[in-house]
Amino acid sequence: MSSSDPSAAASASTGTSPRRATTVPGVRGHKVRDAKAPLVMVTAYDAPGARMADAGGVDLILVGDSVANNVLGFDDTLRVTIEDMAYHTAAVARSRPLALVVGDMPWMSYHVEAADTVRNGAALIRAGAGAVKLEGGAVRAPMVEALVAAEIPVMGHLGLTPQSVNAMGGYKVQARDDAGAERLLADAKRLVDAGCFSIVLEGVPEAVGAMVTDEIDVPTIGIGAGARCDGQVLVLHDLLGMNPRTPKFVRRYAELGDAAVSAIAAYAADVRSGAFPAAGETYH
Ligand code: KIV
């Protein structure tokens, strides 16, 4: 066991066998109805975030296009490019996590031509992703097929798809009526037929999350989609309490934003009072 391998160290201390790297085939068959524990996915956008996520034992790390809101200061995800996503994917992959790294395909990187879609997917794989994610249902199925034919595993994303914010007229819970739920289920089935190895369900009623989960043979990973999905995903900055406000579906497991402000204020006070640096923090 390498002393720099946090997951192996954790396994040794708990007496369990070492954690294995998550693979696409391992995820594809992972259904809670087969007595499997729910999959855990979290976003990360850089090496320190990925190291913490992996040490925390997640199964998948999503380099989400939500880097736009959570790191780059934009109001929506429509501003990031394939170059931005490759840059952040590479930073995450350099931490060499055991978790499967999923690179998010940004808006307009998979909407026009299959050849462009494959080139853009390949950019994320070359940056270190093991799979890519894209938003949308049946209309995107040809692009999923093109990626899969090029050996690029694809995770789907249905429901409240943030890249559709203008078309949806805001960030609104989707599939609230029977017709919407049926459309969503048809989209999920089409994505599975096209070759998706898992599907994120975002911002849908719990009953819809449960219905899709029951009806398809690849895992659903929910965010604001209730407890019946085959896994859950949260944005790292939300669950760590680094964003001032978080949506209803987020559980804040820490308040690192407040802790960081207190630490920085204490440092500023120490510099101003002369308490920092002390003799032990100085080269003599
Ligand atoms: O970019 C992202 O963070 C996502 C998750 C919300 C699933 O797509």
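Note that the structure is predicted; figures quoted are calculated from it, not measured. In each ligand, atom 1 is the first atom listed, and ligand 1 is the first ligand listed.
Residue D65 has at least one heavy-atom neighbour below 4.0 Å for each of these atoms of ligand 1: 1 (O). Numbered from 1 in the order shown, with element, the atoms of ligand 1 that lie under 4.0 Å from a heavy atom of E202 read 6 (C). Atom numbering of ligand 1 starts at 1 in the shown order; those under 4.0 Å from a heavy atom of H157 are 7 (C), 8 (O). Counting atoms of ligand 1 from 1 in the listed order, those under 4.0 Å from a heavy atom of G64 are 1 (O), 2 (C). Which parts of ligand 1 touch D104 is read off a 4.0 Å heavy-atom cut-off, strictly below it: atoms 1 (O), 8 (O). Close approach to I223 involves these atoms of ligand 1, each under 4.0 Å from a residue heavy atom: 6 (C).
Summary of contacts: the protein heavy atom closest to atom 5 (C) of ligand 1 is L62 CD2, 3.7 Å. Scanning the protein for heavy atoms near atom 3 (O) of ligand 1, the closest one is S66 OG, 2.5 Å. Nearest protein heavy-atom neighbour of atom 8 (O) of ligand 1: K133 NZ, 3.0 Å.
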(message) Evaluate S198 against R28 for side-chain hydrogen bond (donor to acceptor under 3.5 Å, both in side chains), listing each step before the verdict.
(response) CA-CA 6 Å; S198 57; R28 189 188 292 279; over 6 Å; no
(request) Output, in order, the C-alpha distance, side-chain angles, deciding distance and verdict of side chain to side chain contact (heavy atoms under 4.5 Å, CB included) for T43 and S66. (result) CA-CA 8 Å; T43 65; S66 56; 4.2 Å; yes
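With hydrogens and angles ignored, the 3.5 Å screen pairs a side-chain donor or acceptor of H111 with a backbone N or O of M108. No donor-acceptor pair closer than 3.5 Å links the side chain of N243 to the backbone N or O of R245.
Not a single N or O atom of T43, backbone or side chain, sits closer than 3.5 Å to an N or O atom of ligand 1.
The aromatic rings of F276 and Y267 stand perpendicular to each other, their planes meeting at an angle above 60°, with 30° marking the opposite boundary.
Between R33 and D217 there is a salt bridge, since at least one side-chain N of the basic residue sits less than 4.0 Å from a carboxylate O of the acidic one. Residues E113 and R119 are not paired through a salt bridge, judged by the lack of any N-O separation under 4.0 Å between the basic side chain and the carboxylate.
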